[in-house]
Asker: 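Quick one: structure below, then a few questions.
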Amino acid sequence: MTDLLATSPETWRDRSLDPPVIPPELVPPADATPLERNRALWARHDLRRRRAEAVYDASRNPDRGWPVSGNRAVLTFFRDLLTSRRGMFAALVVLNALAAAAGLVVPRLLGELVNTTVDGGGRSLDELALVIIGVVLLQAALTFVAQRTSTLFGQDLLSTAREFIVRTILRLPLGAVETASTGDLVTRVTRDVGTMSRSVQYGLPMAIISLLTVLLSVGAMLLNSVVLAVPALLTFATSSWAVRSYLRRAPKGYITEGATYSRINTTLTETVEGARTVEALGLSGARVRAGDDDIVVSAQAERYGMTLRNILFMALNFAFQTPRVITLLVGAYAYSRGWVDLGQITAAVLYVEALSDPLDRLIGEVDRLQVGAASTSRLLGIAEVRPDREAGERLPDGVELRGEDLRFAYREGHDVLHGVDLRIGVGERLAIVGPSGSGKSTLGRLLSGINRPRTGSASVGGVELVDLPLEVLRTEVALVTQEHHVFIGSVRDNIVLAREGSTDDDVREALSAVGSLLWVERLPQGLDTMIGSGRFALTPAQAQQVALARLIIADPHTLVLDEATSLIDPRTARTLEGSMNNLLEGRTVVAIAHRLHTAHDADRIAVVIDGRIVELGSHHELIDLDGEYAGLWRAWTS
């Protein structure tokens, strides 16, 4: 698996004449003898192993994209989850141990029942039957309480793990999010979060329970009869080599599977986002082939993991079935020698049966944990992304926004801004115009503190924007982009996100300022109406007004507008003009104008061409200059 971002352009070229994405050695032979097919199968498995190891090694320290954490980070993560809940964890262990111990008493009692039936003496049959019934009822009660504790423990772990992931994602530098693969991030926060959740919620508690049951079963077998227990336990132990081999190789296989899912999602995301381009350029076939190739590669990763599991299950099947026969054979011989009685043989057979199920379940849960650990390592890799800024202690002395010698590159050696100097007066409205790809939006991002310039300075009140704490920065300068988001929650929740502690009066004042108070009050529950995905659906204009009210609450003195209405239809955009004017009143505004009528009424207009400001002045001054802006204006109005 190569770097998704670096190879993204390659996915758009015609690949119909390219060689297959998997080597011919991974294709099963069509005409071959059974022996040859068997050799080819193991050769394919070995090649898949090498491919998985290469992906795993590359994921440790990728040059670009999202990293994957090591095993130590995963173990520390789970250890911290457990140690922070010592009391509940202790209750889980004790209750499940008592339930397992109660269950293990039953085979011993049944053995005594057999001896009483055959030899007579001891406790009466009725007395033994009552004791067995009592133990079974006790076991049922303990199991119920233990399972309830396990469920609460698992849900608590799940809640904490999910909150950790959400906090980690929200702390990600925006620049890192935009330069890494979107498909990989989507895969991690969807599939990997779900897999990790299942492991934490079910796999970890069940593995603990199964391990306790196995240990207690082994102890009960030895207490019942060492002669009968040792041969069975040695047979169970024959599977240890397969388990060790599986545990050593499975993580690399699961990491590789996750990487292929990221590749599939990346290609799919690019195709969907570029659907119009695909249709316009007739690239449908090429995009379908790219998706098919990704699936073929993913299938090879899946086959590697499937082969590992098949090898493991074959070894386990032998190790779990044979002890039943061995116990009966050894029991018959030992009984003939007078070493054991029938009751001990009966108990030993029941213990073997009782051990097989939790041991099988333990290995299954270990497999679930392996899958979860692979997903967790991918999620924890996000936490290893270094922040793009460290907040300083200085606060702005004033509100003047300045940019000096601004240069910026998304890729090393490819600057998109070249020494831009810009000084924006307090309360001024500056429009930035230029053709697509000229660097307008990039300049806006530097002036709003989203990215750090490669050289030069972007400052407010004499302090670098990227050196301000985020909570301070967003009350100084706010970027309003072409996209807005409605979060799942009430109307009130969506607005007070910008400044916690805002009162309902503050919220209503903000809504009134953007002209949306009337329609909000007409909603079923007013400010308490739940909006967002799956809730009350807002129109594009309403959603944008909620976003603007959020900005009113934040109350920044400077706004950088990356044409906030350009993705909305013209009629809706006209509806929002009044809301925008109320928001802009009394503030410094930098408007990145894709529609030139937005620039017409600005105090000054900066024309950006190929990453440089080539003209700066008012609308009429630039028209009289008859330069780049005049040409753009004539093209816009013609």
Side-chain angles (χ1 to χ4, degrees), residues 173-179 387-392 394-470 472-474 476-482 556-564 587-594 598-599 602-617 622 627-629 632:
L174 187 57
V177 173
E178 295 186 344
T179 56
D388 61 348
R389 66 190 70 205
E390 290 186 10
R394 290 185 58 199
L395 295 178
D397 181 18
V399 296
E400 185 184 49
L401 186 63
R402 300 183 64 175
E404 299 177 346
D405 189 31
L406 296 177
R407 302 174 190 271
F408 186 78
Y410 292 99
R411 290 187 297 155
E412 187 176 353
H414 295 79
D415 280 350
V416 294
L417 292 179
H418 307 279
V420 172
D421 293 304
L422 197 57
R423 182 172 182 173
I424 300 124
V426 177
E428 180 184 13
R429 295 195 179 188
L430 173 72
I432 300 176
V433 302
S436 296
S438 60
K440 304 186 301 296
S441 294
T442 301
L443 178 58
R445 293 170 64 83
L446 299 188
L447 293 176
S448 57
I450 298 296
N451 295 103
R452 183 185 295 274
R454 187 178 67 79
T455 66
S457 168
S459 63
V460 60
V463 180
E464 290 290 326
L465 290 166
V466 292
D467 291 337
L468 291 173
L470 285 177
V472 175
L473 173 62
R474 294 306 165 227
E476 297 285 337
V477 183
L479 174 66
V480 186
T481 67
Q482 302 164 351
H557 60 70
T558 300
L559 290 174
V560 179
L561 306 179
D562 191 356
E563 197 62 89
R587 290 182 168 85
T588 302
V589 178
V590 178
I592 299 166
H594 299 271
T598 305
D603 298 323
R604 286 192 300 166
I605 300 170
V607 183
V608 178
I609 304 291
D610 293 332
R612 295 179 172 85
I613 295 180
V614 297
E615 295 176 3
L616 184 64
L622 296 184
E628 295 286 352
Y629 178 78
L632 290 171

Asker: Check whether any side-chain N or O of Thr558 sits under 3.5 Å from a backbone N or O of Val477 as a donor-acceptor pair, and report yes or no.
Answerer: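 A pair under 3.5 Å: no.
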
Asker: With sequence neighbours left out, write down each residue that passes side chain to side chain donor-acceptor pair (under 3.5 Å) with Ser448, or none if nothing qualifies.
Answerer: none

Asker: State, with a plain yes or no, whether a side-chain heavy atom of Leu468 is found less than 4.5 Å away from one of Pro396.
Answerer: yes

Asker: Take Val399 and Thr588 through the test side-chain contact (heavy atoms from CB on, under 4.5 Å) and record every step on the way to the result.
Answerer: CA-CA 9 Å; Val399 296; Thr588 302; 5.6 Å; no

Asker: Any heavy-atom pair between the side chains of Val420 and Leu443 that's under 4.5 Å?
Answerer: yes

Asker: Excluding sequence neighbours, so at least two apart, what forms side-chain contact (heavy atoms from CB on, under 4.5 Å) with Asp603?
Answerer: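 With sequence neighbours excluded, Asp603 shows a side-chain contact (heavy atoms from CB on, under 4.5 Å) to Glu428, Arg429, given in chain and number order.
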
Asker: Which residues pass the salt bridge (Lys or Arg N to Asp or Glu O under 4.0 Å) test with Arg612, not counting sequence neighbours?
Answerer: none

Asker: What's the verdict on side-chain contact (heavy atoms from CB on, under 4.5 Å) for Val608 and Val614, showing C-alpha distance, side-chain angles and the deciding distance?
Answerer: CA-CA 6 Å; Val608 178; Val614 297; over 6 Å; no

Asker: Show the nearest heavy-atom pair for residues Arg587 and Pro556, with the distance to one decimal.
Answerer: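 That closest heavy-atom pairing would be NE-O, 2.7 Å.
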
Asker: For Thr442 and Val416, work out which heavy atoms get closest and say how close.
Answerer: CG2-CG2, 3.8 Å

Asker: If the condition is side-chain contact (heavy atoms from CB on, under 4.5 Å), which residues does Leu395 pass it with, not counting sequence neighbours?
Answerer: Val472

Asker: Of all heavy-atom pairs between Gly449 and Leu473, which one has the smallest distance, and what is that distance?
Answerer: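 So the minimum-distance heavy-atom pair works out to O-CD2, 3.9 Å.
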
Asker: Check whether any side-chain heavy atom of Ile450 lies under 4.5 Å from a side-chain heavy atom of Leu446, and answer yes or no.
Answerer: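 A side-chain contact under 4.5 Å is absent here.
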
Asker: With sequence neighbours excluded, give me every salt bridge (charged side-chain N to carboxylate O under 4.0 Å, His left out) pair touching residues 413-425.
Answerer: Glu400-Arg423, Asp415-Arg454

Asker: Is a donor on one side and an acceptor on the other found under 3.5 Å between the side chain of Lys440 and the backbone of Val607?
Answerer: no

Asker: Distance-only, no hydrogens or angles: does the Glu615 side chain make a donor-acceptor pair with backbone N or O of Glu628 under 3.5 Å?
Answerer: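 Checking the backbone N and O of Glu628 against the side chain of Glu615, a donor-acceptor pair under 3.5 Å is found.
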
Asker: Would Val589 and Leu430 satisfy side-chain contact (heavy atoms from CB on, under 4.5 Å), going step by step from the backbone distance to the final call?
Answerer: CA-CA 6 Å; Val589 178; Leu430 173 72; over 6 Å; no

Asker: Rounded to the nearest 0.5 Å, how far apart are CG of Leu422 and CG of Leu616?
Answerer: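 With rounding to 0.5 Å, CG (Leu422) is 6.5 Å from CG (Leu616).
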
Asker: Distance-only check: which donor-acceptor pairs under 3.5 Å involve side-chain atoms of residues 459-467, not counting sequence neighbours?
Answerer:
residue, atom, partner, partner atom, Å
Glu464, OE1, Ala458, N, 3.4
Glu464, OE2, Ser457, OG, 2.3
Asp467, OD1, Arg452, NH2, 3.4

Asker: Please name all residues satisfying side chain to side chain donor-acceptor pair (under 3.5 Å) with Arg407, sequence neighbours left out, ordered by chain then number.
Answerer: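 Expected list: Asp405.
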
Asker: Might you work through the side-chain contact (heavy atoms from CB on, under 4.5 Å) test for Val590 and Ile424, ending with a clear yes or no?
Answerer: CA-CA 8 Å; Val590 178; Ile424 300 124; 3.9 Å; yes

